[in-house]
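Shown next, in structure tokens, is the structure this report addresses.
Only a predicted model underlies this, so the values are computations on that prediction, with no experimental measurement involved.
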Amino acid sequence: MALRRSLLLWYQHQGRELPWRNIDDPYAIWVSEIMLQQTQVKTVIPYYQRWLAQFPNIQTLATSDLQTVLKAWEGLGYYTRARNLYKTAQIILKDYRGIFPRELEKVVKLPGIGRTTAGGILSSAFNQPISILDGNVKRVLARLVALSDPPAKAIQFLWDVSDSLLDPDNPRDFNQGLMDLGATICTRSQPKCLLCPWLSHCQAYQQGKQNQLPMREDSSPLPHKKIGVAVIYNNAGEILIDRRPDKGLLGGLWEFPGGKIEENETVEECIKREILEEIAIDIEVGEHLITLDYAYTHFKVTLIVHLCRHVAGEPQAIECQEIRWTTLDEIDSFPFPKANSKIIEALRNNQP
DNA sequence: CACCCGTGGGT
DNA sequence: TACCCAAGGGT
């Protein structure tokens, strides 16, 4: 088929050189695939290289502890990925003698690995003829067939297209080439159609719709929460941090305690109330340290941070897993979300 | 199946 | 600024 041949030829000359290309270690390829979920290549590369140096094989990962794994993932986001990578390493060690399985039915059952990631791993590591449908492929195919619906409404159809196009003789290079095409030529905005090997096959281009496709879903505005945050010092000059529950947002990461500012409540009142409710201690809320705006996928937050002083009571882990007093020197050993890293940075700059 | 889950970069 | 969205999966 001309589509296959032209893509493979293009990939041979114009494909990207990436650290997880031209290797055959399914573990390393698996790690790359997980890190690349919803995350750009440029962001992933340094994490990938550090990760393989720290956890060179499945056994090393499986026998580490979760906090060490989360620390290595710190800043990458979607922390369930790290938890599932760790969990799956233990499953592979126990059920598959530490050898990454080659059967699709087994691979898709592993935590954190869905159909696209499984196809990515098996086609890349073992050259198995299994198709993929990631963000790049959805965009490329939506333009190729001039899809009139948003891709989310046509997932089954797009899988069928991806299946029918896949080159059974060169599945590895075909899948990788398809993703490279989406990443470098068939980009979201200003696609470089004149450089595209599929120019003459692309229905969107023929209809002059390449800048309008793929169609978008209409989205509702994100809710905005204001959070009061406490950096609490004790008489020894230590700082109180807590570890979040394993499930949910930023699961298992450490943070400075705080909570949502209610209506008709000042920031100071909120912080004092939240700390009493969550940690059962009485504090004195002092000067403002920093205010941070942060956008997550489904809401926005403003963190208003105050320096506080412990007055009375023994801290209790009521709405978290664990509480510790620590110091600015030791705090780097705990995994924190990015928003909290900026608070730590502000504390350092605030030091006398 | 609609919603949840981080962070950084582009427009 | 505000919004979109990246090598998606879990629930």
Side-chain angles (χ1 to χ4, degrees), chain A residues 15-16 18-21 29-48 70 73-85 87-88 107-124 130-142 150-153 155-156 158-159 162 172 175-184 186-191 211 214-224 244-253 255 292-301 335-342:
Chain A
R16 293 175 290 181
L18 300 171
W20 42 87
R21 293 253 168 100
I29 291 170
W30 165 43
V31 169
S32 77
E33 290 286 341
I34 301 301
M35 287 186 171
L36 287 162
Q37 289 171 359
Q38 300 297 100
T39 310
Q40 298 188 146
V41 165
K42 184 182 174 185
T43 304
V44 165
I45 289 175
Y47 280 92
Y48 172 81
L70 286 173
W73 201 270
E74 182 183 47
L76 249 192
Y78 286 139
Y79 296 91
T80 297
R81 294 184 294 174
R83 190 181 312 282
N84 283 336
L85 207 43
K87 192 186 297 179
T88 293
V107 173
V108 290
K109 284 179 184 167
L110 296 169
I113 301 181
R115 187 171 170 186
T116 284
T117 301
I121 296 169
L122 294 177
S123 64
S124 184
I130 303 174
S131 62
I132 56 173
L133 188 64
D134 69 344
N136 285 315
V137 178
K138 284 177 193 168
R139 186 174 56 257
V140 171
L141 299 185
K153 302 290 185 189
I155 293 302
Q156 185 55 54
L158 289 170
W159 270 111
S162 185
R172 173 192 290 126
N175 280 343
Q176 297 295 316
L178 197 50
M179 287 191 282
D180 277 15
L181 191 66
T184 64
C186 196
T187 48
R188 177 164 57 102
S189 58
Q190 299 181 324
N211 289 308
M215 299 289 288
R216 287 201 223 144
E217 299 261 28
D218 41 352
S219 58
S220 52
L222 303 178
H224 191 160
R244 296 174 61 89
D246 277 337
K247 292 194 173 181
L249 186 72
L250 304 168
L253 272 67
E255 67 176 3
L292 299 165
D293 281 312
Y294 232 76
Y296 294 97
T297 310
H298 284 277
F299 65 95
K300 299 187 231 179
V301 290
F336 279 87
K338 268 298 177 192
N340 280 257
S341 303
K342 295 194 175 181

> OP1, OP2 of B:dT11 versus side-chain N and O of A:Arg188: anything below 4.0 Å?
Replying inline: no
>> Between B:dC4 and C:dC4, how far apart are the two P atoms, rounded to whole Å?
In response: 16 Å
> So, does the side chain of A:Thr116 form a donor-acceptor pair with the base of C:dG8 at under 3.5 Å?
Replying inline: no
>> Under 4.0 Å, counting only non-hydrogen atoms across every strand here, what does A:Leu133 touch: a base, just sugar-phosphate, or nothing?
In response: nothing
> If pairing requires Watson-Crick or G-U wobble contacts with both distances under 3.5 Å, which nucleotide is the partner of B:dC3?
Replying inline: C:dG10
> So what does A:Trp20 touch, heavy atoms closer than 4.0 Å: a base, only the sugar-phosphate, or nothing?
Replying inline: base
> Can a donor-acceptor pair be found between the side chains of A:Arg81 and A:Thr39 at a distance below 3.5 Å?
Replying inline: yes
> If you measure from the C1' atom in C:dA6 to the same atom in B:dG6, how many Å do you get, rounded?
Replying inline: 12 Å
> With a 4.0 Å cut-off on heavy atoms, is A:Ile121 in touch with a base, just the backbone sugar-phosphate, or nothing at all?
Replying inline: nothing
> Roughly, in whole Å, what's the span from CD1 in A:Ile34 to C1' in C:dG9?
Replying inline: 9 Å
> What nucleic acid atoms does A:Glu217 come within less than 4.0 Å of, heavy atoms only: base, sugar-phosphate, or nothing?
Replying inline: nothing
> How many Å lie between CG on A:Leu250 and P on B:dC5, as a whole number?
Replying inline: 9 Å
> If the P atom of C:dA7 is compared with that of B:dT11, how far apart are they to the nearest Å?
Replying inline: 14 Å
> To the nearest angstrom, how far is A:Arg16 atom CZ from C:dA6 atom P?
Replying inline: 13 Å
> Does A:His298 place a side-chain N or O at less than 4.0 Å from the phosphate oxygens OP1/OP2 of B:dC4?
Replying inline: yes
> Under 3.5 Å, side chain of A:Tyr79 to main-chain N/O of A:Leu249, donor-acceptor pair present?
Replying inline: no
> Roughly, in whole Å, what's the span from CG in A:Leu249 to P in C:dG9?
Replying inline: 20 Å
> Of A:Thr117, A:Thr88, A:Ile113, which meets side-chain contact (heavy atoms from CB on, under 4.5 Å) against A:Val107?
Replying inline: A:Ile113
